[in-house]
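We use all heavy atoms of the structure for the numbers below, so side chains are in, but hydrogens, waters and symmetry mates are not. Throughout, a chain's letter reflects where its sequence line sits, starting with A, and its residues are numbered from 1.
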Amino acid sequence: MALRIGKKDVAVETITVTGRLDAVQAAPLRTTVGDHLNQGSNRLIVDLSAVEFVDSAGLAALVIGMKRARLNGGDLRLVAPGHPDARRVFALTKFDDVFVMADDLELANKGW
Amino acid sequence: MSHTLVLPAEHLELRRLRSWLEKSIGPSAHAEGESVGPLDLDLIGKIELAIHEVATNIIDHADTSGQNISIEIHQSPLVLRVELRDHGKLAALPLPGELGAHPRVRGYGMMIVELLASRVAYHRVDEVNVWSIEFDLTAS
């Protein structure tokens with residue numbers, strides 16, 4: 001996995017994840033999301049479109065970030081993974097109904 | 001038909017699961033005339049996730065640092081059974097996660113396994129933890 005951080009404008013931060021979002025990569029993602037939240041950025045998008053696999057540790061990192069962002073009046077939205085092995089965890093746990101999940105980055109940026 | 005993989009009990013090592021599963025039970029794994037057929041990639045993805053979550057649970061909770069996890073697959077025409085063995089401490093099962101609008105953040109791993117598999121069992125024999133996961137191959 002690689003993490004790439006982009007900034008669409010001053011209000012929305014984008015974190016791009018690639019590869020496998022598993023227990024190995026959950027920790028750096030939690031740190032990155034936490035750093036943004038600690039700096040006052042509470043509108044975050046995590047782009048999972050190029051992720052091949054997500055496990056419960058990766059899911060937990062996203063849920064923790066989402067809960068903190070919402071407590072701060074913002075949100076952590078997702079660009080949905082394209083790979084079925086990455087979508088599976090969200091469907092099984094029904095977190096696809098909890099997260100705001102968009103098909104692409106442009107849609108994820110709408111309606112804050 | 002059986003296959004075995006022995007991995008160091010480390011998170012990074014679990015990335016070897018997918019290629020092993022595809023090689024062992026995937027679309028190109030079996031020759032014609034064998035009693036069991038190859039499994040499609042969607043089912044292999046589910047099996048991989050279930051094994052991955054159990055193994056992650058072992059690594060995180062069973063004090064297996066420096067040890068190995070043994071993973072065996074036993075495939076029959078009707079059932080695929082996976083057995084994971086480790087020499088860590090007695091397993092303490094995390095509570096399942098709570099679904100809905102106020103999600104918890106821990107305990108989803110074993111809940112995911114239970115949703116994926118038709119049967120999940122744990123027992124400890126002679127200081128060895130044995131996790132057994134079964135998949136019904138007749139389910140659509």
Counting C-beta onward and ignoring hydrogens, is there a side-chain heavy-atom pair between [X] and [Y] closer than 4.5 Å?
X: H52(B); Y: F53(A); answer: yes
X: Y108(B); Y: V63(A); answer: no
X: H11(B); Y: D22(A); answer: no

Quick check: does any side chain N or O of R88(A) sit under 3.5 Å from a backbone N or O of D42(B), one acting as donor and the other as acceptor?
-> yes
Any donor and acceptor pair, going by atom type alone, linking the side chain of E53(B) with main-chain N or O of D55(A) inside 3.5 Å?
->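 Answer holds: no.
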Residue D103(A) excluded, over 12 heavy atoms near CG under 6.0 Å | no
Kindly compute the distance separating OG (S56(A)) from CG (L49(B)), expressed to the nearest 0.5 Å.
-> 8.0 Å
Taking all non-hydrogen atoms of both residues, which atom of L116(B) and which atom of L92(A) are closest, and how far apart?
->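 Closest heavy-atom pair between L116(B) and L92(A): CD2-CD1, 3.6 Å.
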Could you see if [X] belongs to whatever hydrophobic cluster contains [Y]? Use Ile, Leu, Val, Met, Phe, Trp, Tyr and a side-chain cutoff under 4.5 Å.
X: M110(B); Y: L90(B); answer: yes
X: V130(B); Y: I59(B); answer: no
X: L12(B); Y: L5(B); answer: no
X: V24(A); Y: I112(B); answer: no
X: I133(B); Y: L78(B); answer: no

Salt-bridged, R20(A) to E48(B), with N to O below 4.0 Å?
->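 Yes.
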Any ion pair linking K46(B) and D85(A) (charged N to carboxylate O, less than 4.0 Å)?
-> no
